[in-house]
Protein chains: 2
Amino acid sequence: MGLAIIAAMSPIGKTQPTGTAGLRDSVLGRDLSFLLARANALTLAAANAALAQHGLKARSYSVLALAADDVRPTQRELAEFLRLDPSQVVALVDELEKRQLVERRTDPADRRANVLVVTDTGRALFARAQESAHAVELGLLAAVTPQDHERLAELLRLLAFPT
Amino acid sequence: MGLAIIAAMSPIGKTQPTGTAGLRDSVLGRDLSFLLARANALTLAAANAALAQHGLKARSYSVLALAADDVRPTQRELAEFLRLDPSQVVALVDELEKRQLVERRTDPADRRANVLVVTDTGRALFARAQESAHAVELGLLAAVTPQDHERLAELLRLLAFPT
DNA sequence: ATCAATAATTGACATTTTCAACGGTCCGTG
DNA sequence: CACGGACCGTTGAAAATGTCAATTATTGAT
């Protein structure tokens, strides 16, 4: 009881939280969902900043990346993979197609569906954008060893693609 | 040369990508930023669904959590920690205060600033909400061992709070 | 041949994000 | 002490995103 009271008293060892530093030790600061959200927010902001010089955002970059791979994804697959509403994919593809970076091809196997194909200029732009994105990622991962980088990716994959 | 051509040909070992499965092996599917974004999207959706029964979302839950800790954060600190615009914090606190879950106290040390304090009903609601959130998190982490859970949190912390 | 289900598209609506401006307060300097 | 620049919370508006229902064209099963 006496101990409990002492434990509940003002933190003695803790430095006075001048800024936001004190909040990191809070319950929320240990919550995985929160850490995920904050890490994502920072990463996304950095990525968008880096991609801006190529006229891209994380979203359009992602679509371009999947087109540049030769997976020939349909718009529905893009929507599901990127967790976007199909109507958002329409807008993204519209823009990329207007810039001649990708093309819609109606899927011969299912004429309802459009398959995305990258153009030469699209591939070239993607190559440059990928470099920028990669550079930024390296910066963000400065505090993480390459092994931990791989471990992190593996763990995130479990969360991103549940069974 | 012959080998290269074979390697570049249609994937033989790969199963025909019926759905979105094929995209996971793409360049983007290995990108850390993307995995982070997707993991966060799924986690956030699950959290919001679970918190809805308490009339909360991830945002309001976070604010309530920080108030329930006895950190007495100012709104500016909340904004910085949660990466929100100060005006968004105003709206969040407005709503929580209207529901009598938290109170604004002007900081005696700086009369410009408001410090957030939880009420008794706020603390009670948070306790219940936290249980829901925790249950959901356990579900999402089903495929992750407790050790890896801790490792993941540690790595995310590096990204979420650089230097 | 018909009919339910699905892909893409459009348009409307809600939510979230981002910014600029403003009153009140703090603090260092003259 | 008074001034001036910086900061906190607040408001309101504009831009960007997210969500949803309805429509057309096509598919696949019966």
Side-chain angles (χ1 to χ4, degrees), chain A residues 17-20 37-38 40-42 44-45 47-49 51-52 55-63 67 72-98 102-117, chain B residues 17-20 23 37-38 40-42 44-45 47-49 51-52 55-63 66-67 72-98 102-117:
Chain A
T18 55
T20 176
R38 199 180 147 104
N40 178 54
L42 291 176
L44 187 64
N48 277 332
L51 291 171
L56 295 173
K57 303 188 186 180
R59 287 289 165 76
S60 33
Y61 174 80
S62 299
V63 172
R72 302 177 74 86
T74 68
Q75 295 184 202
R76 199 210 106 254
E77 288 168 340
L78 289 177
E80 190 176 338
F81 195 63
L82 301 175
R83 300 219 87 222
L84 297 174
D85 190 89
S87 61
Q88 294 180 277
V89 175
V90 170
L92 284 168
V93 174
D94 275 353
E95 191 222 321
L96 291 179
E97 198 170 33
K98 201 163 299 170
V102 303
E103 281 176 15
R104 282 183 240 240
R105 299 264 175 88
T106 79
D107 185 348
D110 182 347
R111 306 220 320 287
R112 290 171 299 182
N114 292 335
V115 146
L116 266 216
V117 178
Chain B
T18 56
T20 175
L23 303 189
R38 190 172 218 268
N40 178 53
L42 291 176
L44 187 64
N48 277 332
L51 291 172
L56 295 173
K57 302 186 187 182
R59 288 288 166 75
S60 34
Y61 173 81
S62 299
V63 173
L66 291 169
R72 302 177 74 85
T74 69
Q75 295 184 200
R76 199 209 109 256
E77 288 169 340
L78 289 177
E80 190 176 339
F81 195 64
L82 302 175
R83 301 217 89 226
L84 297 174
D85 189 270
S87 62
Q88 295 180 276
V89 175
V90 169
L92 284 168
V93 174
D94 276 353
E95 191 222 323
L96 291 178
E97 197 170 33
K98 201 163 298 171
V102 304
E103 280 175 15
R104 281 184 241 240
R105 300 265 174 87
T106 78
D107 185 350
D110 181 348
R111 305 217 323 285
R112 290 171 298 180
N114 292 335
V115 145
L116 266 216
V117 178

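Letters A, B, ... mirror the listed sequences (proteins, then strands); counts begin at 1. The structure presented is a predicted model; accordingly, all values stated were derived computationally and were not measured.
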Chemist: Keeping B:E77 on the side-chain end and B:T74 on the backbone end, is there a donor-acceptor pair under 3.5 Å?
Modeler: yes
Chemist: For the base of D:dT26, is there a side-chain donor-acceptor partner from A:R111 under 3.5 Å away?
Modeler: no
Chemist: Could you say whether A:R112 or A:V90 is positioned toward the 5' end of DNA chain C, judged by the nucleotide with the nearest heavy atom to each?
Modeler: A:R112
Chemist: Please classify the nucleic acid contact of A:D110 as base, sugar-phosphate, or nothing, using heavy-atom distances under 4.0 Å.
Modeler: sugar-phosphate
Chemist: For A:S87 and for A:P108, locate the closest nucleotide of DNA chain D by heavy-atom distance; then report the residue assigned to the nucleotide nearer the 5' terminus.
Modeler: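 Checking each residue's closest nucleotide, the 5'-ward one belongs to A:S87.
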Chemist: Between C1' on D:dT11 and CG on B:D85, what's the gap in Å once rounded to a whole number?
Modeler: 12 Å
Chemist: Nearest whole Å is fine: how far is D:dT17 P from B:L44 CG?
Modeler: 17 Å
Chemist: How many whole angstroms separate atom CD of A:E97 from atom P of C:dT9?
Modeler: 9 Å
Chemist: Answer yes or no: does a side-chain N or O of A:K57 lie under 4.0 Å from OP1 or OP2 of D:dT17?
Modeler: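 So the side chain of A:K57 is within the cut-off, an N or O lying under 4.0 Å from OP1 or OP2 of D:dT17.
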Chemist: Nearest whole angstrom, please: distance from the C1' of D:dC20 to the CD of A:Q88.
Modeler: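 Rounded to whole Å, this separation is 12 Å.
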Chemist: Any side-chain to backbone donor/acceptor pair from B:S62 onto B:A58? Under 3.5 Å, distance only.
Modeler: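 Between the backbone of B:A58 and the side chain of B:S62 there is a qualifying donor-acceptor contact (under 3.5 Å).
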Chemist: Give one of base, sugar-phosphate or nothing for A:R83, where a contact means two heavy atoms less than 4.0 Å apart.
Modeler: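 Contact class for A:R83: none.
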Chemist: Using whole Å, what does the distance between atom C1' of nucleotide C:dT17 and atom CG of B:L82 come to?
Modeler: 15 Å
Chemist: Starting from P on C:dA8, measure out to CG on A:L92 and report it in whole angstrom.
Modeler: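 These atoms are roughly 14 Å apart.
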Chemist: Any side-chain heavy-atom pair from A:N114 and A:D107 closer than 4.5 angstrom?
Modeler: no
Chemist: What's the CG-P distance between A:N114 and C:dA7, to the nearest Å?
Modeler: 12 Å
Chemist: Measure CZ/A:R76 against P/D:dT27 and give the value in whole Å, please.
Modeler: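 In whole Å, D:dT27 P lies 16 Å from A:R76 CZ.
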Chemist: May I ask you to decide if B:E97's main-chain N or O and B:E103's side chain share a donor-acceptor pair within less than 3.5 Å?
Modeler: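 Answer holds: no.
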Chemist: Go nucleotide by nucleotide along DNA chain D from the 5' end; which of B:A113 and A:D107 gets its closest nucleotide reached first?
Modeler: B:A113
Chemist: Is there a donor-acceptor contact under 3.5 Å from the side chain of A:R38 to the main chain of B:F81?
Modeler: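 Yes; at least one donor-acceptor contact below 3.5 Å.
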